[in-house]
Amino acid sequence: MPELPEVETVRRGLAPVMEGARILSVEQRRPDLRFPFPADFTGRLAGRRVDGLSRRAKYLLAHLDDGLTLISHLGMSGSWRIEADGHDNVPGQFHHDRSKNATHDHVVFHLAPKAGGRARIVFNDPRRFGFMAFAESGELAAHPLIGKLGAEPTGNMLDGALLAALFGNRRAPLKAALLDQRLIAGLGNIYVCEALWRAGLAPDRAAGSIVAKSGGPTTACDRLAAAIRAVIADAIEAGGSSLRDYVHADGALGYFQHRFAVYDREGEPCPKLNCDGVVLRIVQSGRSTFYCPSCQR
DNA sequence: CGAATGACCTGTGAGC
DNA sequence: TGCTCACAGGTCATTC
């Protein structure tokens with residue numbers, strides 16, 4: 001369920017255990033997820049120390065002490081969980097109650113955390129749309145999965161001018177343009193719906209149509225950029241959002257925001273102040289879009 | 001090149 | 001209870 005905020009939340013959950021930890025061994029329980037695992041996957045990880053854990057768009061990046069980067073993606077249903085390993089206690093961790101069956105536990109990392117003790121982190125993914133890959137030392141920026149990603153929707157990079165430049169004369173609907181990871185990287189179906197609602201823009205408008213010919217003080221592109229950043233920042237702050245089978249890295253469910261302004265709220269009143277619209281569901285390029293036809297134009 | 005479609009895979013909830 | 005169907009937060013490959 002992971003869009004950027006969920007991946008960032010996972011990163012923050014994993015970092016205290018993974019960063020500085022030595023990888024003792026890795027269990028790989030099947031030959032592939034969405035793609036085959038890299039050659040000698042477990043062999044290249046065993047014995048390495050994790051220098052840092054970062055994120056690019058929806059990719060989680062583990063930087064190893066020999067320069068190798070482990071790239072992982074959660075797909076639609078992937079999750080990580082942390083468990084104590086052996087009899088040692090890992091400080092601050094971690095239940096493994098969760099009557100979750102282990103059927104879809106595909107990869108297990110056995111770690112010696114910096115803080116001491118033993119931990120294991122487990123990658124679970126029922127639908128197996130997730131995957132793992134390596135970027136060789138020095139090749140991360142040009143990696144096929146990473147190199148063509150667009151702007152991060154966090155921080156100051158994303159503003160109205162950038163959106164105007166990206167959208168140009170594109171005829172694709174706003175919804176499709178915002179989902180295109182080559183333009184902005186990290187938005188998914190939920191946060192695109194939410195951002196368009198916040199910006200008051202209809203999802204089926206051509207992306208190019210919101211680019212002002214001669215700009216007023218605040219253009220539609222400015223509003224949209226601000227809305228995207230706010231939606232993402234709020235979600236990261238809330239610890240990400242979850243539905244159904246998403247599991248927080250430390251197993252803490254119920255931590256997340258479960259309600260959205262328009263996403264999955266077909267037929268409900270638009271929550272915007274003084275708007276009497278009703279949330280509509282339409283299908284764009286095969287995926288549900290939720291929006292308010294009254295205040296999104 | 002941009003845009004639209006199907007494919008990948010399992011689980012869940014709704015409706016009968 | 002059990003069956004079938006529609007649908008699910010992502011990306012890639014193929015086609016026009």
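Predicted model, so just to flag it, every value in this text is computed and none were measured.
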Measure from the side-chain heavy atoms of [X] and tell me the nearest of [options].
{"X": "Phe129(A)", "options": "dG11(B), dC8(B), dA3(B)", "answer": "dC8(B)"}
{"X": "Arg128(A)", "options": "dC7(C), dT10(B), dT5(B)", "answer": "dT10(B)"}
{"X": "Asn189(A)", "options": "dA3(B), dG9(C), dC9(B)", "answer": "dG9(C)"}
{"X": "Arg127(A)", "options": "dC7(C), dC9(B), dG10(C)", "answer": "dC9(B)"}

query: Looking at side-chain heavy atoms only, is the closest gap between Tyr59(A) and Thr69(A) below 4.5 Å?
result: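 Contact flag for Tyr59(A)/Thr69(A) side chains = no.
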query: Side chains of Tyr263(A) and Val279(A): closer than 4.5 Å at any heavy-atom pair?
result: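 No, every pair of side-chain atoms sits at 4.5 Å or beyond.
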Quickly work out the [X] [atom1] to [N] [atom2] distance and round it to whole Å.
{"X": "Asn169(A)", "N": "dA3(B)", "atom1": "CG", "atom2": "C1'", "result": "15 Å"}
{"X": "Glu266(A)", "N": "dA6(C)", "atom1": "CD", "atom2": "C1'", "result": "13 Å"}
{"X": "Asp204(A)", "N": "dA4(B)", "atom1": "CG", "atom2": "C1'", "result": "16 Å"}

message: Work out how far the C1' atom of dA3(B) is from that of dG9(C), and round it to whole angstrom.
response: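 Comparing C1' positions in dA3(B) and dG9(C) gives a spacing of 23 Å.
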- prompt: What integer number of Å spans the P atoms of dC9(B) and dC3(C)?
  reply: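 Straight-line distance between the two P atoms is 24 Å.
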- prompt: What about the rings of Phe41(A) and Phe134(A), do their centers lie closer together than 6.0 Å?
  reply: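 Between Phe134(A) and Phe41(A), which both carry aromatic rings, the centre distance is below 6.0 Å.
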field: Contact pattern, 5' to 3', of nucleotides 11-16 of chain C - B, S or - by protein heavy atom under 4.0 Å
entry: BS----
